[in-house]
Enquirer: 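For reference, the structure I am asking about is given below.
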Protein chains: 2
Amino acid sequence: MITFEEAEIRSRIIKAMAHPVRLMAIDLLKEGEKSFSSLNDMFDLDKSTVSKHLLVLKEAGILSSRKEGADMIYRLEVPCVTDFFGCVTAVIESNVKRQQVCLCKR
Amino acid sequence: MITFEEAEIRSRIIKAMAHPVRLMAIDLLKEGEKSFSSLNDMFDLDKSTVSKHLLVLKEAGILSSRKEGADMIYRLEVPCVTDFFGCVTAVIESNVKRQQVCLCKR
DNA sequence: TCGCTTGTTGGTATAGTTGCCAACAAGCCA
DNA sequence: TGGCTTGTTGGCAACTATACCAACAAGCGA
C-alpha cells in the first residue's frame, strides 16, 4: 500500500499527461525529436498556450528541450509513457463493452 | 498520430486517475474488492469527499460498485491501470537521475 | 414502524487550470 | 547594429476541481 506522499508525486506526473494537447504532443514526439514550431503547427492554439503545455510536460520530467539555432527542439525523455495508452485503450474498450460510454458524451 | 477527439477521450480517463486519493483507492482495490467504509477509513477526509472521488473513477469506467446489504462494495474493473504505475515510477527515477526533482517540491 | 447506520447529492467557498493577448528575450542575418 | 523570427513570460478572465457541511435516501434490525 502506497503512502499519501507517494500518491501525490505520482499524481503530479499523471496530471501532467491529463490534457488532450499534452497527450498529442507525447504522441507526436514518440517517433523522435521535433521542433517547437512543427509541434505548434499541429494545434489551432496560440503559441504561448502550446509553449505552456510543453512546459508542464518538461516540469514533470516527461520531455526535455534544447536550443538549436533559432529553434527549440523537444524530446520525449521517458518513452514508456506511451505504454500508458495501451491501458487507457483497454479502459475505453471495457467501457464500450459494458455500454458505459459515459466518457464519450459531455 | 491520434486525433484531437481520441486524445480528449484518453485525457478524461487519465484525468480520473490524476489525484492522490484516487490513486490510493486504485492501489487499495488492486488486491480485491473493498467496502466503501473500509476505503473511507484510509483517508482523513469527509465521507462525501471520498464518495465523490470514487464516483469520478466509476464514471471513467475504472471502478464499479454494487450494493451488498447496508454496504457498498467497490471493485477495480480494469486492473491493468496499475501497470501505469510502473511507468510513473520510471519517470520519477529518471527525474532523480537527472537531478530534476522539480516534482518533489511545491 | 422507528430509529440507526451507511453512503450519496446539493450547495458553497476556495484553489487550480486553461487560453488569449501583450510584452519581452534570444538568435540570426542583412 | 537594426530588424526579423522564434519561443517564453506576465496578466487576466473564464472555467473546472476540490473539500466541507447539511440534507437526503436506502437498508437493517429492534
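Numbers restart at 1 for each chain; the letters A, B, ... are given by sequence-line order, proteins then strands. Note that this is a predicted model, so its numbers are computed, not measured.
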Enquirer: Quick one: which of Ile62(A), Asn40(A), Leu39(A) gives a side-chain contact (heavy atoms from CB on, under 4.5 Å) with Leu54(A)?
Expert: Leu39(A)
Enquirer: Checking the side chain of Asp27(A) only, and the main-chain atoms of Ile2(B) only, is there a donor and an acceptor separated by less than 3.5 Å?
Expert: yes
Enquirer: How close or far is atom P of dT6(D) from atom CZ of Arg66(A), stated in whole angstroms?
Expert: 18 Å
Enquirer: Measure from the side chain of Arg22(A), starting at C-beta and using heavy atoms only, and say which of dG7(D), dT18(C), dT8(C) lies closest.
Expert: dT18(C)
Enquirer: Measuring from Leu28(A):CG to Leu76(A):CG, what's the distance to the nearest 0.5 Å?
Expert: 11.0 Å
Enquirer: Taking N or O atoms only and anything under 3.5 Å, show me the protein contacts with nucleotides 9-14 of chain D, one pair per line.
Expert:
from, atom 1, to, atom 2, distance (Å)
dG10(D), O6, Lys52(A), NZ, 3.1
dG11(D), O6, Lys52(A), NZ, 2.9

Enquirer: Tell me: CZ of Phe4(A) to C1' of dT18(D), nearest whole Å?
Expert: 11 Å
Enquirer: Starting at atom CG of Leu63(A), determine the distance to atom P of dT8(D), rounded to an integer number of angstrom.
Expert: 11 Å
Enquirer: Please determine whether a side-chain nitrogen or oxygen atom of Tyr74(B) lies at a distance below 4.0 Å from atom OP1 or OP2 of dT6(C).
Expert: no
Enquirer: Given atom CG of Leu45(B) and atom P of dC21(D), what is their separation to the nearest angstrom?
Expert: 11 Å
Enquirer: Provide, to the nearest angstrom, the distance between the CG atom belonging to Asn40(B) and the P atom belonging to dG7(C).
Expert: 8 Å
Enquirer: Return the 5'-most residue of the pair Leu54(B), Lys15(A) with respect to DNA chain C, ranking by each residue's nearest nucleotide.
Expert: Leu54(B)
Enquirer: Any sub-3.5 Å donor-acceptor pair from Glu93(A)'s side-chain atoms to Ala90(A)'s backbone N or O?
Expert: no
Enquirer: Write down the distance between CD1 (Ile14(B)) and C1' (dA17(D)), rounded to a whole number of angstrom.
Expert: 18 Å
Enquirer: Are the side chains of Met72(A) and Lys67(A) in touch, meaning some heavy atoms are under 4.5 Å apart?
Expert: yes
Enquirer: What is the distance, to the nearest angstrom, from the CZ atom on Phe36(A) to the P atom on dG27(C)?
Expert: 17 Å
Enquirer: Which residue, His19(B), Met17(B), Arg22(B), forms the side-chain contact (heavy atoms from CB on, under 4.5 Å) with Ile14(A)?
Expert: Met17(B)
Enquirer: Please determine if a side-chain N or O atom of His53(A) lies less than 4.0 Å away from the OP1 or OP2 oxygen of dT17(C).
Expert: no
Enquirer: Tell me the salt bridge (charged side-chain N to carboxylate O under 4.0 Å, His left out) pairs involving residues 33-49 of chain B, sequence neighbours left out?
Expert: Glu33(B)-Arg66(B)
Enquirer: For a quick check of understanding: with a heavy-atom distance under 4.0 Å over all strands, which category does Phe43(B) fall into, base, sugar-phosphate or nothing?
Expert: nothing
Enquirer: Between Ser11(A) and Glu8(A) (side chain of the first, backbone of the second, donor and acceptor by atom type, cut-off under 3.5 Å), is there such a pair?
Expert: yes
Enquirer: Using a cutoff of under 3.5 Å, can you pull out all pairs of nitrogen or oxygen atoms linking the protein to nucleotides 25-30 of chain D, with atom names and distances?
Expert:
none

Enquirer: Ile73(A) CD1 to dA26(C) P: how many Å, rounded?
Expert: 19 Å
Enquirer: Quick one: does any side-chain atom of Arg10(B) pair with a main-chain N or O of Val88(A) as donor and acceptor, under 3.5 Å?
Expert: no
Enquirer: With respect to the phosphate group of dG19(C), does any side-chain polar atom (N or O) of His19(A) fall under 4.0 Å of OP1 or OP2?
Expert: yes
